[in-house]
Structures are given as structure tokens and as C-alpha cells.
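Here's the structure, in C-alpha cells; my notes come after.
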Number of protein chains: 2
Amino acid sequence: MTNSNTSATGKLVYQLEEMILEGVWRPNHKLPSERRLAQRFGYSRTVIREALRQLQAKGLIITHQGIGSYVVEVFHSIEEEFIDPLVHLFDSHERTLFDLLDVREQLESHAAFLAAQRATQTDLYQLTQAYERLASPDTELTMDTYFNFHHMVILCSHNPILVQTLCQLKALLCKAIQTCLPLLIQDAEVQNQVRSQQQQMYEAIVQRDPVAARRATKTHIRFVSHHVHSVKKSNFY
Amino acid sequence: MTNSNTSATGKLVYQLEEMILEGVWRPNHKLPSERRLAQRFGYSRTVIREALRQLQAKGLIITHQGIGSYVVEVFHSIEEEFIDPLVHLFDSHERTLFDLLDVREQLESHAAFLAAQRATQTDLYQLTQAYERLASPDTELTMDTYFNFHHMVILCSHNPILVQTLCQLKALLCKAIQTCLPLLIQDAEVQNQVRSQQQQMYEAIVQRDPVAARRATKTHIRFVSHHVHSVKKSNFY
DNA sequence: TTTAAAACACTGGTATGACCAGTAATTTAA
DNA sequence: TTAAATTACTGGTCATACCAGTGTTTTAAA
């Protein structure tokens, strides 16, 4: 895209990706050493290294000093390079995730505050529906029902800017925690806690208690943040 | 992640990402040349290059031969979807502007809160500069100096998500009030009030008083909101 | 004076060779 | 036989030189 066709490194990256995707180098296959690759492809070791670093950054290979480089399990095509730059950052910069959850706490608690003030009868009806889909203890807690309820709360705030902004943050959050989320919602204790917290949010809103709604929301997001934290910490792969 | 802590390149990548996240290098900012970076960070050009290649592979920077490397708009893809549908709302639906200012109040007051906690010495120096350009009573109050100061406050929060989000809101706000803003800042009384409010924000931050900083910011934005309101009311076109 | 060409000073891209730092197999000495 | 030392790989880093684009400045011609 940028200079894949012009620069030697770009061309080499493309070649190497081809070889991996074509199956010349299968997953777990050990690549030749950098010096051998340089010889074989007719490039300097500099070019070979930069190309390998790019493959590494893309997650196609993994490299160990003194050992060599290995092809990883690749289950997605090259097209996947269009994912958000921010996603990478969430992996290496853990605090970015907390920054995100911090902003979410500010906005969504305010949304709950407004929701308790402004929600119409129709809103409350829909909110109740969303809540009941969530609250029944026999059904599984899914990301869908979870976000559905929260989105409904946000809609009740009747602030389109708030809605837009929080939708963006939600998209980011989904990408950021998609790996560790399954671990989270499997935990039965977490499920119970979340259900209890959302019950408090729900009741505060229908009872028109803005302060309580805000407090309940803050409590919930801090709970999530805390648990995401602990999951991330015990998650070395 | 893999060897971020062991290798020089890994550490450098992390550092550079931090600088981008912290806002030291903002979107569209041109990075120093590779040779300068090598000198500045004390690494060989090889390491610098490999780190930059990784950032490039992640989509954080874009590089042109003979030109240099630039920080990309991290949120760019989303931003278009974000702004476009909303702009036209401001014309027809006046309260959207207040919704926007409401969200801004939530986020920017929180940013000021964090700024009072987290601002570094360098931050405070830059903040002081921005404030002094703003505070001198003989110079005109311009949109530039105004937003410059507020942006600096936001940067002091050291929360990249907050920075990005508020940048978007600022862009929206500019489009929304570009017609009525001249009427606002012409008013000498308004100017004095704003200066006084920003002085309180500034002093609260340098005195490391988060609560006062938050309160001052809320006060200021509510003041703006109120005056925008009155201007809009006497402004039918 | 104006203007187009040439020189210059940057930028990133590539090549080489040397050396450091891990790893693992091989050799050596106990 | 076994444990330690050697050796030969691996990737990681450094320094230097040069190539290749880009933009500005200078220069020389019109």
C-alpha cells in the first residue's frame, strides 16, 4: 500500500507473506536464519530484518533471540491489516484500557443520571424489556444482552452527542477486551455481581432517582474495570 | 508483549507509542528524522528504524522517503462517521448544542481533575505559557488562545482517550458556534468573566487541587453554555 | 529583474561488516 | 558417566558508507 511495490523491504514482506499464506511455510515452521534469507533472496540482512520485524508486528511470525523465527497460526487473510491502530495499543499499553473505562465511567454515569430525569414512558418500557432479557437468572449473560441494556440506558438520556460518543467508545472497548471477555463472563460470581449492579441501575432510573442511577453506574463500571484488570494481569500469552 | 522489556527496539517502540498516546506527538505531527531520534534516544539508527517500521506496520505512523514520518489520525476512520451526521443537527435542533456542551462539561471537568493530579513539571510549564498568552489583559481574546489553553489542560490529564474524544467534540463545537462566537467574545464583560474563570482553573491545577479544578471547569463551561444560549436566542437567521 | 537550471542539504532506503548476547549441541576434562 | 567448557549457530545492536527521493537555495542565463 504505502511503498510495497517500490521498496525492497515492501516487496520482500509481500513475498514472505505469500509463502506463508501459500503454505510453503506452514504454522510452526522455522524460517531460515536471517543470514541465509539474505543470501537466498539476494537482499542485505538489513532488508531481511526489517521485513521480519514487520511480519512480527503483524503477528505473522514470532522471533526468539538465539533460536530463530517461527510461523504462527494464521487464520486470517492479509486484508486484516485494516484494523484500528488503537487495537494494538491496548495490548501493549494496558493503561489505555483503563483510560477508556475511565472516560466511559464519566459519560455513562452521566447518561444514567439524565436517563432518570428524562426517560419517557416508552423509554421505560423498552428499558424494562432490555432489563428483563438480562435479568432472568436462567439465561446466559451474553455481550449482546449486556450492551443492549446499557445502550438503552444511554438512549434514555436523550442526548445524541452522548449516544454517539459512547457508541464509539463501546466499539473500541469491544475490540480491546474481545480476548479476555469470555474469561470474564464465564465467572458465575461476576455474573451475579453484574446482574445485581444492573438491577440497581434499572431501579434507580425507573424510580427517577438520578443520583442513585449515577452512583450505581459508577459502581458497575469500576467493578468491570477492576475485573478486567485482574484478568489482564493473569493473562500472559 | 513478546520482548518489549528485553530488547532495545521493544522498549523504544513502547516509548514512542507512549509519546503518541500522551499527546507529545499529536496527529499529523512530523517526527524528528531517524538520525535525530537516534541521537536523542541514544540508540543506533538501526534500532530507531526497526521501531519506526513496527509503528508503521501497526498503522500509527506513515513514512515517506525523502520527507519523514508523520503521526496518523488515530481516530480518523471513525471521526468521519462521527461528525458528518451530527453537523446538520446543530442548525435545526438548537438543544443539540447544549447536549454537546453538557458532554463537554462532564469530560473536560474530569480532565481538569486528572490534570491537577497528573501534570508533570513540563506540562505545568507549557500550561503556564498557554495561560499567560491568554491572561494578558491588553491582548484580544481569540479562539486560538482560548482553545489552546483548554487543550493544554486536557493534555495534562494524560488520558489519550479523553484527549481524542474532546478533540472531536471541539471540532463539533467549532462548527456549531462559528456563527455566533464572534458575538460572544466581543463582549468585554464576557471576556473578563472568562479570564477570571480560567485563572481559577489554572491556579487549581498548579496548586494540585483536583476538586477545585473540576469545579472551576464546570463553572466555566456552564457560563459559556448560558451565554451561547442567550446569543442564540437573539439570533434568528 | 525574472526565471529556469543546477547545487545543496535535508529526508528515508540499502549495504556491509563487526561485535554483543542468547541458545544448543559438541567436545573436553573430571 | 557426567558435568563443565568449548564451539557454532541464532537473533540484537552498532557504525559507516552510500543510494534515492524531496525541497530549498543558489546560480547563471534570458
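Only this structure's heavy atoms are used, side chains among them; waters, hydrogens and symmetry mates stay out. Just so it is clear: chains get the letters A, B, ... in the order the sequence lines come, proteins before strands, and each one is counted from 1.
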Checklist entry - Can B:K58 and B:E17 be counted as an ion pair, charged N to O under 4.0 angstrom? => result yes
Nearest whole Å is fine: how far is [N] [atom2] from [X] [atom1]?
X: B:I67; N: D:dT24; atom1: CD1; atom2: C1'; answer: 13 Å
X: A:Q65; N: D:dG11; atom1: CD; atom2: C1'; answer: 5 Å
X: B:H64; N: D:dG21; atom1: NE2; atom2: C1'; answer: 12 Å

Checklist entry - With nearest nucleotides of DNA chain C determined for B:K30 and A:G66 from heavy-atom distances, which residue corresponds to the more 5′ nucleotide? => result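 Taking each residue's closest nucleotide, the earlier one in sequence belongs to B:K30.
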Next on the checklist: I want to confirm an ordering. Mapping A:R35 and B:E34 to their closest nucleotides on DNA chain C, which one lands closer to the 5' end?
Outcome noted: B:E34
Item to check | Euclidean distance, B:C174 SG relative to B:L169 CG, rounded to 0.5 Å | outcome: 11.0 Å
Parallel under 30°, tilted from 30 to 60°, perpendicular over 60°: which one fits the rings of [X] and [Y]?
X: B:Y146; Y: B:H150; answer: tilted
X: A:F223; Y: A:H227; answer: tilted
X: B:H110; Y: B:F113; answer: parallel

Item to check | Residue pairs involving residues 38-48 of chain A (criterion salt bridge (charged side-chain N to carboxylate O under 4.0 Å, His left out); sequence neighbours excluded) | outcome: A:E34-A:R45
Checklist entry - When you measure from every atom of DNA chain C, which of residues 42-53 of chain B have a heavy atom less than 4.0 Å away? => result B:R45, B:R49, B:R53
Checklist entry - Looking only at side-chain N and O atoms, does A:T9 come under 4.0 Å of OP1 or OP2 in C:dT14? => result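 So the side-chain polar atoms of A:T9 do come within 4.0 Å of the phosphate oxygens OP1 or OP2 of C:dT14, strictly under.
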